[in-house]
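First listed ligand is number 1; within each ligand, the first listed atom is number 1.
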Amino acid sequence: MPTPHISAEPGQIAPLMLMPGDPRRARRIAEGFLDGAQLVSEVRGIGCWTGTWQGTPMSVMASGMGIPSISIYAEELFREYGVQRICRVGTCGGIADDVKVRDVVIGEVAHTTSQVATLQAPGLSLSLGASFTMLRGAVDAAAEQGLNARVGALFSSDFFYGTRPDIIKVLVELGTLGVEMEAAGLYFAAARHRRDALSVCTVSDHLFDSSEDMSAEERETSFEKALQVAAGALLA
Ligand code: HPA
């Protein structure tokens, strides 16, 4: 069963998966958040660990950056390892005026200029949405922590260093909250396999207000809140 990008044996990956972008963050989640996590795959330095959270088996594995990277891992996890739910837990850049650095944004839908949305059928404008069950679980988990998480649209860009401010402007006018690079690919893979997916993003920067820098300590605390929200969504 090992795939080109995952070397775990059948049954070594849990049906519930936390998915940060950064492989080192995946390791920190395995060591500090999950209980009894064991390394089950390490192809290309992308570790996958399986342990438990609140007594339920849960895995963590990084997506890498961008839609092509998360699409490979999500596809192999859903198709070959029977993963049922993936919750991306990453960062985004704020673009809405009222979204601030350190906020948690729950991606109800993901807009994208990527081909994942346009290749399916000519003239089709594919809607890439999160799992309703996971979305509800995330909102409940946020409320339990007294966290005022924002729920709305993300823009999954193919560019970190974008060249089209006109697209961002239109998306802001349409109420989009933040820009990141993976949610649309994950939501497409989930739709294809009729599985559940969600993206929970901590706002790490704001495209139109760079004055508020997160300290390393603050980043860790905000990330911790997002992690609780993501795990709550997986268990919902
Ligand atoms: N652009 C794309 N992805 C991001 C950003 C950004 O500004 N910030 C965090 N992830």
Side-chain angles (χ1 to χ4, degrees), residues 18-26 28-29 46 60-74 86-117 128-130 138 142 147 149-189 197-227 229-230 233:
L18 287 165
M19 187 167 270
D22 176 357
R24 281 186 307 185
R25 196 172 291 164
R28 283 208 301 275
I29 293 170
I46 298 285
V60 60
M61 181 179 181
S63 66
M65 290 181 280
I67 289 173
S69 185
I70 199 166
S71 298
I72 290 169
Y73 294 114
I86 297 179
C87 196
R88 162 167 157 70
V89 55
T91 58
C92 71
I95 56 173
D97 277 355
D98 58 349
V99 164
K100 305 290 176 220
V101 170
R102 288 182 287 277
D103 282 355
V104 171
V105 173
I106 301 171
E108 183 179 17
V109 294
H111 303 305
T112 187
T113 47
S114 154
Q115 292 283 70
V116 294
L128 297 164
L147 179 69
R150 300 291 306 274
V151 180
L154 292 168
F155 171 46
S156 298
S157 176
D158 278 343
F159 294 93
F160 189 88
Y161 301 105
T163 55
R164 294 289 300 272
D166 54 320
I167 294 177
I168 300 287
K169 185 169 178 286
V170 169
L171 288 165
V172 170
E173 283 166 8
L174 292 170
T176 310
L177 301 176
V179 54
E180 48 83 81
M181 301 185 69
E182 292 83 18
L186 177 61
Y187 293 176
F188 175 69
L198 181 71
S199 296
V200 177
C201 293
T202 303
V203 179
S204 57
D205 54 279
H206 198 290
L207 267 65
F208 308 119
D209 177 10
S210 53
S211 63
E212 286 223 27
D213 261 13
M214 281 170 94
S215 71
E217 192 188 340
E218 279 177 323
R219 198 174 301 162
E220 205 51 51
T221 324
S222 322
F223 188 70
E224 187 61 35
K225 289 184 204 156
L227 202 49
V229 170

Just by modelled atom types, is the [Y] backbone N or O under 3.5 Å from a matching donor or acceptor in the [X] side chain?
X: S69; Y: S63; result: yes
X: H206; Y: A96; result: yes
X: Y73; Y: G64; result: no

Between I70 and E182, what is the shortest heavy-atom contact and its length? CG2-O, 3.5 Å

Considering only the protein, which heavy-atom contact is closest to atom 3 (N) of ligand 1, and what is its distance? E180 CA, 3.5 Å

In the protein, which heavy atom is nearest to atom 10 (N) of ligand 1, and how far is it? T91 O, 3.6 Å

Short list, please: which atoms of ligand 1 are under 4.0 Å from a heavy atom of [X]?
X: L207; value: 7 (O)
X: S204; value: 8 (N), 9 (C)
X: M181; value: 2 (C), 3 (N)

Would you mind finding which of V179, D158, D205 brings a heavy atom closest to atom 1 (N) of ligand 1? V179

Step through the shown structure and confirm whether more than 12 heavy atoms of other residues, nucleotides or ligands are within 6.0 Å of CG on D98. yes

Sidechain N-carboxylate O distance under 4.0 Å for D22, R28: no

Please confirm whether S157 comes under 4.0 Å of ligand 1, counting heavy atoms of the residue only. no

If we only count N/O pairs under 3.5 Å, is F160 in contact with ligand 1? no

